[in-house]
Novice: 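Could you have a look at this structure, given as structure tokens, before my questions?
This is a predicted model, so every value here is computed, not measured. Chain identifiers are assigned alphabetically (A, B, ...) following the order of the sequence lines, protein sequences preceding nucleic acid strands; residue numbering begins at 1 within each chain.
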2 protein chains.
Amino acid sequence: MGDLIMQPSNLKVSPKYSESKEMYLKALVELDVFVSPTVSRLANRLGVTQVSANEMVRRLTDQGLMIHTPYKGVNLTKKGRQLGNNVLRRQRLWECFLYDYLKVEWSRLYELTCNLEHNTPPEVTESLAIYLNNPAQCPHGQPIPTVDGECKSLKGIPLNQLGIGESASILSVTESPLEVVEHFSQQGLLPGKHITLVNTTPLQGPLTLQVGQAHIALGLQMAEQILVKRD
Amino acid sequence: MGDLIMQPSNLKVSPKYSESKEMYLKALVELDVFVSPTVSRLANRLGVTQVSANEMVRRLTDQGLMIHTPYKGVNLTKKGRQLGNNVLRRQRLWECFLYDYLKVEWSRLYELTCNLEHNTPPEVTESLAIYLNNPAQCPHGQPIPTVDGECKSLKGIPLNQLGIGESASILSVTESPLEVVEHFSQQGLLPGKHITLVNTTPLQGPLTLQVGQAHIALGLQMAEQILVKRD
DNA sequence: CCGGATAATAAGGTCAACCATAACAATTTT
DNA sequence: AAAATTGTTATGGTTGACCTTATTATCCGG
């Protein structure tokens, strides 16, 4: 009898080759803002042991996607960076959709789109981009890479490099764990907002900012995650 | 230095436990329309060997999701059916979105959403449902299960059970491999369309239908995939 | 009721991604 | 320069989800 309905083409159960691979590539793109991350930073970011990360890095190196210089760090090759940027493009487009259309909470965006990105075929990605009107940034202010895997980085400075009394507007915040991002959100530290650096304290101490009318204290590490542009 | 950006909570690389599991559950829900499918039908549908399917069925049986009566077929337990329906809900909602908003080709919907469904967290699913205005059917005419895993099946008959001269309208077509579904689309055999059975031929031969002004021949197996409701 | 098709089980294997533990190498700190 | 810290490699597991190649069990049609 009607075995027509068998094997709907891509019903492939298994080949999830590379879901992990994509995570590694993405993590690398995200991490190497200023310096190439070491394997342990990577491992840490991905929530795996260093040994596992090392293994994976070796495999990806074999595939010509990255280069590991021991004790120095891991660098993406051109091909690797492109792939990583593609992943990021997918995720950030989804973030736009979830935020602007589905009204998902800002601080949960990263978390919720973090696995949607895999399994998003190119056709869908590009239709989505058109639907969203080709946004340039995700709700965190991060640039969305182009179809061909290019990504021009933001020209801004970390908030902690502002001088006292200087005003600036927030360009982006780094995708971070929920608690951190939730804190940003509660303090109104969102892309586009204007802030003024009121004060700093020595010994890695907190900064004082003015956001709107309010004065808030912000830890140094948090401040490093915020990219601003002087007014 | 700023290791704040480490470990964005769910950045879990590995635990893709269950992507396969979901496929099995979904396939079962899709297949057991009239009779419980045997393991080999399942295997066939999923594109794996019977041995693999057997193994997996055993595992899922152990988890209380299905019951396998040798030589009779596999049945979902209540829990299993609910889970399967959840998967189907996610996929069908995505199908609606891709079709209505992203303007994706009708015949590619199943294929393109087929892996999107995993990794769609409940929050996103439900926000999407609201955004889409809680549709009752996917673009194939299949019912969309409710949040709690219920799914009332369509009350219709397979097209081949019509009598000669009878008219009916198409309720749904079964999600099938690309070639099949493409053929449906080319012949205008889409949900909502009106058809009249003009003729039948013996020995599993094709049926002749009138669709709009045109007369078309349709293989019996294809006809079995189309559910209609007499006018 | 027998023989061939179909279905199920058995046995042993592969591969990707993980893990822990331990040793070794480089760098930094004291 | 020794000690402490951090980074890398080696070794040997585990697990899920596949695979192939038998062998055995059941069903169904002549």
Novice: How many whole angstroms separate atom CZ of A/Arg58 from atom P of D/dG7?
Specialist: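 Taking CZ of A/Arg58 and P of D/dG7, I get 19 Å after rounding.
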Novice: Between B/Arg81 and B/Asp32, does at least one N-O distance fall below 4.0 Å, as a salt bridge requires?
Specialist: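 Result for this pair is yes, salt bridge flagged.
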Novice: Is it true that the side chains of A/Lys21 and A/Gln63 contain a donor and an acceptor less than 3.5 Å apart?
Specialist: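 Yes, A/Gln63 and A/Lys21 have a side-chain donor paired with an acceptor closer than 3.5 Å.
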Novice: Of the options C/dC18, D/dG16, C/dA16, whose atoms approach the side-chain atoms of B/Arg59 most closely?
Specialist: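 Nearest nucleotide to the side chain: D/dG16.
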Novice: Would you say B/Ser52 reaches D/dC19's phosphate, i.e. side-chain N/O to OP1/OP2 under 4.0 Å?
Specialist: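 The answer is yes; a side-chain N or O of B/Ser52 sits under 4.0 Å from OP1 or OP2.
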Novice: Output the rounded distance in Å from NE2 (B/His118) to C1' (D/dA17).
Specialist: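 Rounded to the whole Å, the gap is 14 Å.
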Novice: Nearest whole angstrom, please: distance from the P of D/dT6 to the CG of A/Leu42.
Specialist: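 About 18 Å, once rounded to whole Å.
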Novice: Between P on D/dT21 and CD on B/Glu55, what's the gap in Å once rounded to a whole number?
Specialist: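 Atom-to-atom, B/Glu55 to D/dT21, this comes out as 17 Å.
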Novice: For B/His140, run the ring-ring contact (aromatic ring centres under 6.0 Å, His included) check against B/Tyr99, B/Phe184, B/Trp106 and tell me which one passes.
Specialist: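 Among the candidates, only B/Trp106 passes.
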Novice: Verify whether the ring centers belonging to A/Phe97 and B/Tyr101 lie closer than 6.0 Å.
Specialist: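 Ring-ring flag for A/Phe97/B/Tyr101: false, centres at least 6.0 Å apart.
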Novice: Strictly under 3.5 Å: I want the nitrogen or oxygen pairs between protein and nucleotides 6-10 of chain C, one per line.
Specialist:
residue : atom : partner : partner atom : Å
C/dA7   : OP2  : B/Ser40 : OG           : 3.2
C/dA8   : OP1  : B/His68 : NE2          : 2.9
C/dA8   : OP1  : B/Tyr71 : N            : 2.9
C/dT9   : OP2  : B/Asn54 : OD1          : 2.9

Novice: So if I take every side-chain heavy atom of B/Thr49 and compare against D/dT20, C/dC18, D/dA17, which nucleotide ends up nearest?
Specialist: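 For B/Thr49, the side-chain atoms sit closest to D/dT20.
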Novice: Restricting to side chain to side chain donor-acceptor pair (under 3.5 Å), what partner residues turn up for A/Gln50, sequence neighbours left out?
Specialist: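 So A/Gln50 forms no side chain to side chain donor-acceptor pair (under 3.5 Å) with any residue.
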Novice: OP1 or OP2 of C/dC18 less than 4.0 angstrom from a side-chain nitrogen or oxygen of A/Tyr24, does that happen here?
Specialist: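 Indeed, a polar side-chain atom of A/Tyr24 lies that close.
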Novice: Within the 3.5 Å criterion, strictly below it, is a donor on B/Ser176 or B/Thr174 matched to an acceptor on the partner's side chain?
Specialist: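 Their side chains do not contain a donor-acceptor pair, so the 3.5 Å distance test is not met.
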Novice: Between B/His118 and B/Glu19, do the side chains contain an N or O donor and an N or O acceptor separated by less than 3.5 Å?
Specialist: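 B/Glu19 and B/His118 do not have a side-chain donor-acceptor pair below 3.5 Å.
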Novice: Can you tell me the distance, in whole Å, between the CD atom of A/Glu19 and the P atom of C/dA17?
Specialist: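 From A/Glu19 CD to C/dA17 P: 10 Å.
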Novice: When the distance from CG of B/Leu25 to P of D/dA17 is rounded to whole Å, what number comes out?
Specialist: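 After rounding, the reported distance stands at 11 Å.
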Novice: Once you round it to whole Å, what is the distance between C1' of D/dG16 and CD of B/Glu22?
Specialist: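 Computing the B/Glu22:CD to D/dG16:C1' distance gives 15 Å.
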